[in-house]
Amino acid sequence: MSRPFNFSAGPAVMPEEVLRTAAAEMLDWHGSGMGVMEMSHRGKEFISIYEAAERDLRELLAVPENFKILFMQGGGLAENAIVPLNLSRGGAMDFVLTGSWSHKSLQEAGKYGQAREAATAQDTGFHSIPAPSSWRLSDDASYVHICTNETIHGVEFQALPDLQALGCQAPLVVDFSSHVCSRPVDWLRVGLAFGGAQKNLGPAGLTLVVVRQDLLGHALTACPSAFDYTLVAEHQSMYNTPPTYGIYMAGLTFAWLKAQGGVAAMEARNEAKAKLLYDFIDGSQLYTNPVDAAVRSRMNVPFFLRDEALNEAFLAGAKAAGLLQLKGHKSVGGMRASIYNAMPLEGVQALVDYMRAFEQRA
Ligand SMILES: *Cc1c(COP(=O)(O)O)cnc(C)c1O
């Protein structure tokens, strides 16, 4: 029997093949007599899982040699503190506000240095992205922070800003939690990227950090050792016990992504999925999406019913049709369909079919 389609924003759907492999290996990983959760992180079995995961991710995202890949804990929100603890040197940082997540990052960083608002899309209800040429970047900023996919507002950078072309020498810090591995990354424009795993990579509890080596070595003395990127990098993410099961699940996901044709193939699929859903919404009388068409997210599609009194009937009918977790974030209301890598085109087609039938009945 096939499973329902799960549109959760996170923790989110995983590829079914990955879950089946994990289930089959739960009690005995590759004849070792141990499940992955029961292994020493320093044993040869887990080291082989870790090394394959790192190698596959480096290949999938074409991460250059001068970047370290770190597998950490704490999620995206902990990185809002860990990044300034490591990179700010106690000075100024610039933030571009495009929605809830970048706003949270700005607020948290203010505990560790001077966090400035370089631009904000608040006047558009966070339905757009301010043009990089309009950003007020400061000469003394230790970094510039953006959230490249705003999971709640459904806004996505379609290209990374070229800070050097704007006359800014500061490194770009990117929160790519909710679209990592859904499209390629232009590493020439990035100093550091971080993301929680639970949207597009694996279970909650694992955080991915990709950091350019020359940015290491400047952590504040108050930085917890387990969150000091330099120490974590020197110990291949094993300064303390890493989230071993999360790394294993992410590793299975990376292998799955490679078998699908890699990130470029995923991007083409994600474009097709998003186009199917947005085209339907734009052509309907009942549903709307408020985001500027040029920056609509391919991963998180918020939408609203023109008659909000129908919301509960819509969700109940969706659930009965095998379409789960479509309720929008409480801060914006309405609906949200998260269509991450693991959501097949058939799932989006099933959603559109249901939305059309519901509109005809309404
Ligand atoms: C989910 C999310 C976070 C927060 O992640 P946690 O693991 O809950 O800390 C941060 N940034 C973005 C863009 C997210 O989607």
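Counting convention: from 1, in listed order, for ligands and their atoms alike.
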For [X] and [Y], which I'm curious about, is there any donor-acceptor pair between the side chains at under 3.5 Å?
X	Y	result
T98	H153	no
N6	S8	no
N300	Y340	yes

Indicate every side-chain donor-acceptor pair of residues 122-132 with a distance under 3.5 Å to a residue at least two apart or in another chain.
| unit_1 | atom_1 | unit_2 | atom_2 | d |
| --- | --- | --- | --- | --- |
| T124 | OG1 | A121 | O | 2.8 |
| T124 | OG1 | H127 | N | 3.2 |
| T124 | OG1 | S128 | OG | 3.0 |
| H127 | ND1 | T124 | O | 3.1 |
| H127 | NE2 | G125 | O | 3.4 |

Using a 3.5 Å cut-off and no angle test, enumerate the donor-acceptor pairs between side-chain atoms of residues 31-38 and protein atoms at least two apart in sequence or in another chain.
| unit_1 | atom_1 | unit_2 | atom_2 | d |
| --- | --- | --- | --- | --- |
| S32 | OG | W29 | O | 2.7 |
| S32 | OG | M34 | N | 3.2 |
| S32 | OG | M34 | O | 3.2 |
| E38 | OE1 | G35 | N | 2.6 |

Residues in the immediate environment of ligand 1 (any heavy atom closer than 4.0 angstrom):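 Ligand 1 pocket, heavy atoms under 4.0 Å: G75, G76, L77, W101, C147, N149, T151, D175, S177, S178, Q198, K199.
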By ring pair (Phe, Tyr, Trp, His ring centres under 6.0 Å) - contacts of F227 (at least two apart):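 Checked F227 against ring pair (Phe, Tyr, Trp, His ring centres under 6.0 Å); zero matches.
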